[in-house]
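Here is the structure we will look at.
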Number of protein chains: 2
Amino acid sequence: MTTAKPATRIQKRNRETIREAALDVFSQHGFRGATLDQIAQTAGLSKPNLLYYFPSKEAIHVELLAHLMTDWLEPLRALDPAGDPVEEILAYVLRKLDMSREMPRESRLFANEIVQGAPRIMEMITADLRPLVDEKAAVIADWSAAGKIAPVDPYHLIFSIWSTTQHYADFDIQVRGVLNVQGGAHFDDARTFLTHLYTSALTPQRQEVVNH
Amino acid sequence: MTTAKPATRIQKRNRETIREAALDVFSQHGFRGATLDQIAQTAGLSKPNLLYYFPSKEAIHVELLAHLMTDWLEPLRALDPAGDPVEEILAYVLRKLDMSREMPRESRLFANEIVQGAPRIMEMITADLRPLVDEKAAVIADWSAAGKIAPVDPYHLIFSIWSTTQHYADFDIQVRGVLNVQGGAHFDDARTFLTHLYTSALTPQRQEVVNH
DNA sequence: GTAGTTATTGATCGTCCGGTCAAATCCATG
DNA sequence: CATGGATTTGACCGGACGATCAATAACTAC
């Protein structure tokens, strides 16, 4: 085609600045609650200048969601069918928990969108998320059938992992309100708890005969 | 004071109609995303008529949140220190799951608010929620110490119960997108899974000596 | 039925917000 | 340092939205 985008040095810098600011604002207020003025001010640019780099408010939002979906699915993608079942799932849990601590804005961006019916990313869910979950759920189902982990519904297991880990990002304000803490110290306790929760739920009953 | 509120028959009916409509709209679009016109249309009233019964958009929202907080805490309040520990906690889990199926709008209303930093209900969290959680966490901690349930962090146990159950209401659209289902049949699978999850996590290791 | 209160609404106000545009400024290249 | 494209911005537009108000309609009590 006739597409030709040299992509200036200034363009790269400003588009990234805008993405960063938009992530801040969108994750905090949701799509409708965020304003271009807020994003512009956070980015240190003027409002018309935002719209010089992105065609619309929605375009910024969609780009953010699309760009982040990849990172978001990476931990599940990394679940290795050849690895030790309990270890693999536990590694997935803890990786997700780490992401809640390190990328709470991204988590909240998705949470905002999905709670409100995912009007702008439903397509991504069925096109990208579902196939991946199907694939990994099959792996987990195989592990269950082989007696390598306790028999569990793999889909609901995955749902529970998403919810328990993302809770610390999405409901951060509530967690802090209840625990009355400021920093991130409670993530260690969460780690310990979730390790216990999933270890006991997944470890097969007849542990003594596993290695025979 | 000089407060005197006879509360007309029409007032009762219309205020309730408005609350119902507002719950619909706020839970679906969040506070900022909802408009008075939407609420008015859903309620079958004119916009000025809404504002005859409530002083402002925010007043409707706040009243909803305050009114629902009580219902929301009831299941945890019902956790009986004198009951069988595992049964009590499991009953709490399943009650919360039922509420996600039967009251998804209420769940999403809170989710929307909390994800965005709980600007309008932070006070309720520290004033109502925290004391109750503290009280029940102490009960659970006692059960742990007495060896009646496995040793777990009571706060993070409660967080996990909130997140796993409310997930089916708040992230409903994602759950349906992944499972490719329409009705509510998956709630049975969720029930089975969560029963397994919390039974295995809470049952003490040395089960044989429990009754002696 | 009529007086007085309660309820309803069309019209309108002021503000906010997404988006546009023309003019001005910046900047890389010859 | 001149030229042409890239970048930036002040001013503005049009629609949406929360809220107000005066006027009308409906209802209640006597």
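Residue numbers start from 1 in every chain, and the chains themselves are labelled A, B, ... in the order their sequence lines are given, proteins ahead of strands. Just so you know, these numbers come straight off a predicted model, no measurement behind them.
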Is it true that A:Lys47 and A:Asp37 have a side-chain N and a carboxylate O under 4.0 angstrom from each other?
yes
Between A:Asn14 and D:dA6, is there a side-chain N or O to OP1/OP2 distance below 4.0 Å?
no
Counting only side-chain nitrogens and oxygens, does A:Gln11 get under 4.0 Å of the OP1 or OP2 atom of D:dT7?
yes
Closer than 4.0 angstrom, basic N to acidic O: yes or no for A:Asp98 and A:Arg101?
yes
Do the side chains of B:Arg105 and B:Glu20 get close enough for a salt bridge, i.e. N-O under 4.0 angstrom?
yes
How many Å lie between CD1 on B:Ile18 and C1' on C:dT8, as a whole number?
12 Å
Look at B:Arg77 together with B:Glu135 and state whether they make a salt bridge at an N to O cut-off of under 4.0 Å.
no
D:dT28 OP1/OP2 closer than 4.0 Å to side-chain N/O of B:Thr8
no
Specify whether B:His61 and B:Phe26 have parallel, tilted or perpendicular ring planes, treating 30° as the upper limit for parallel and 60° as the lower limit for perpendicular.
perpendicular
Select base, sugar-phosphate, or nothing to describe what A:Arg13 touches, counting heavy atoms under 4.0 Å on all strands.
nothing
Nearest-0.5 Å distance that lies between atom CG in A:Asp24 and atom CD1 in A:Ile39
10.0 Å
Taking only heavy atoms on the protein side, list every residue of residues 19-41 of chain B lying under 4.0 Å from any atom of DNA chain D, sorted numerically.
B:Ala34, B:Thr35, B:Leu36
Nucleic acid contacts - residues 42-57 of chain A versus DNA chain D, non-hydrogen atoms under 4.0 Å
A:Ser46, A:Pro48, A:Asn49, A:Tyr52, A:Tyr53
Using a distance-only test with no angle check, is there a side-chain donor-acceptor pair under 3.5 angstrom linking B:Tyr168 and A:Ser163?
no
Cut-off 3.5 Å, side chains only: do B:Asp189 and A:Tyr155 have a donor facing an acceptor?
no
Does a nitrogen or oxygen in the side chain of A:Arg9 sit under 4.0 Å from OP1 or OP2 of D:dA6?
no
